[in-house]
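First the structure, in the form of structure tokens, and then the observations on it.
Note that the structure is predicted; figures quoted are calculated from it, not measured.
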Amino acid sequence: MNYLWIKAAAVAALAASTVQVANAGVFNLTADGEWLEFLVIDSASTWLDLSGEEAQFVFTSSAPFFLRITDINFPGDSVQVLVNGVLLGSTPDVGYSLDAYADTAGVAWGDMTWSQRNWELPMGQYTFTGGPMNVPSEATSFAISVTAVPEPETWAMLLVGLMGVFRWARPKA
């Protein structure tokens with residue numbers, strides 16, 4: 001299939017999206033869970049922004065955090081993830097399907113129909129890049145985000161709250 005046609009179709013799909021779209025080359029991530037989309041084209045060696053340039057995502061953290069990557073649109077695509085130029089891993093291969101569609105990362109995330117991965121990383125300075133692994137559709141969109149790792153006090157408060165809910169909801173004898 002013609003590379004320019006694929007690229008134009010992928011750009012049009014991203015432009016129609018309601019999620020913030022990567023379109024300037026280097027993007028600063030924030031630990032607010034917001035998703036940034038990027039292009040993956042089978043014939044390209046790196047993730048791409050809307051202008052067709054290499055997309056790089058930078059993040060500096062003073063605490064551990066989660067890096068999340070998910071396939072969107074039709075499921076079945078997977079990518080390699082590089083951290084500071086070193087392979088971190090890849091998203092898993094899942095079955096390609098035209099029967100399912102996720103127009104945003106929020107729809108795809110958590111549904112194992114889409115290729116996705118979550119890594120916990122320590123504090124530090126990071127540049128995230130990557131490339132295609134398996135792109136049966138020849139072009140697709142992925143999304144990346146970072147979120148803070150909950151502090152132990154947060155987990156403790158959640159546990160106490162859940163215990164209170166279960167105690168309150170328990171049938172009275």
Using the rule that Ile, Leu, Val, Met, Phe, Trp and Tyr join whenever any side-chain heavy atoms are under 4.5 Å apart, tell me whether Met133 and Ile72 fall into a single cluster.
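No: no chain of side-chain contacts under 4.5 Å links Met133 to Ile72.
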Do Trp119 and Tyr126 share a hydrophobic cluster, counting only Ile, Leu, Val, Met, Phe, Trp and Tyr and linking them when any side-chain heavy atoms are less than 4.5 Å apart?
yes
Is the shortest heavy-atom distance from the side chain of [X] to the side chain of [Y] under 4.5 Å?
X      : Y      : result
Glu120 : Val149 : yes
Thr147 : Arg68  : yes
Leu87  : Gln80  : yes
Val86  : Leu88  : no
Tyr96  : Pro75  : no
Val83  : Phe128 : yes
Trp47  : Ile69  : yes
Ile144 : Leu29  : yes

How close do [X] and [Y] get, counting heavy atoms only, and between which atoms?
X      : Y      : value
Ser145 : Glu34  : CB-O, 3.1 Å
Glu54  : Thr129 : OE2-CG2, 3.6 Å
Thr46  : Pro132 : N-CD, 4.4 Å
Thr113 : Ala100 : CG2-CB, 4.3 Å

Any side-chain donor near an acceptor of the partner, Asn134 and Ser78, under 3.5 Å:
no
Assess the side chains of Tyr101 and Asn73: does a donor N or O sit below 3.5 Å from an acceptor N or O?
yes
Those residues at least two apart in sequence (or on a different chain) that pass side-chain contact (heavy atoms from CB on, under 4.5 Å) with Val94 are Ser115
Go through it in stages, so that I can follow the logic: the residues are Phe142 and Leu39, the test is side chain to side chain contact (heavy atoms under 4.5 Å, CB included), and I'd like the CA-CA distance, side-chain angles, deciding distance and then a yes or no.
CA-CA 6 Å; Phe142 267 77; Leu39 300 175; over 6 Å; no
Within a radius of less than 6.0 Å around CD of Gln125, do more than 12 heavy atoms belonging to other residues, nucleotides or ligands occur?
no
Does any N or O in the side chain of [X] come within less than 3.5 Å of the main-chain N or O of [Y], such that one atom is a donor and the other an acceptor?
X     : Y      : answer
Asp77 : Thr140 : no
Ser61 : Pro64  : no
Asp71 : Trp114 : no

Geometric class of the Phe57/Phe38 ring pair [parallel <30°, tilted 30-60°, perpendicular >60°]:
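Tilted: the ring planes of Phe38 and Phe57 meet at 30° to 60°.
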Parallel, tilted or perpendicular: rings of Trp35 and Trp109 (30°, 60°):
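Tilted.
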Thr70 and Asp111: side chain to side chain contact (heavy atoms under 4.5 Å, CB included), yes or no, with the steps?
CA-CA 10 Å; Thr70 188; Asp111 183 337; over 6 Å; no
Can you check side chain to side chain contact (heavy atoms under 4.5 Å, CB included) on Val146 and Phe66, steps first, answer last?
CA-CA 5 Å; Val146 292; Phe66 291 114; over 6 Å; no
Would you check, one step at a time, whether the test side chain to side chain contact (heavy atoms under 4.5 Å, CB included) holds for Gln116 with Thr91?
CA-CA 5 Å; Gln116 54 195 255; Thr91 61; 5.6 Å; no
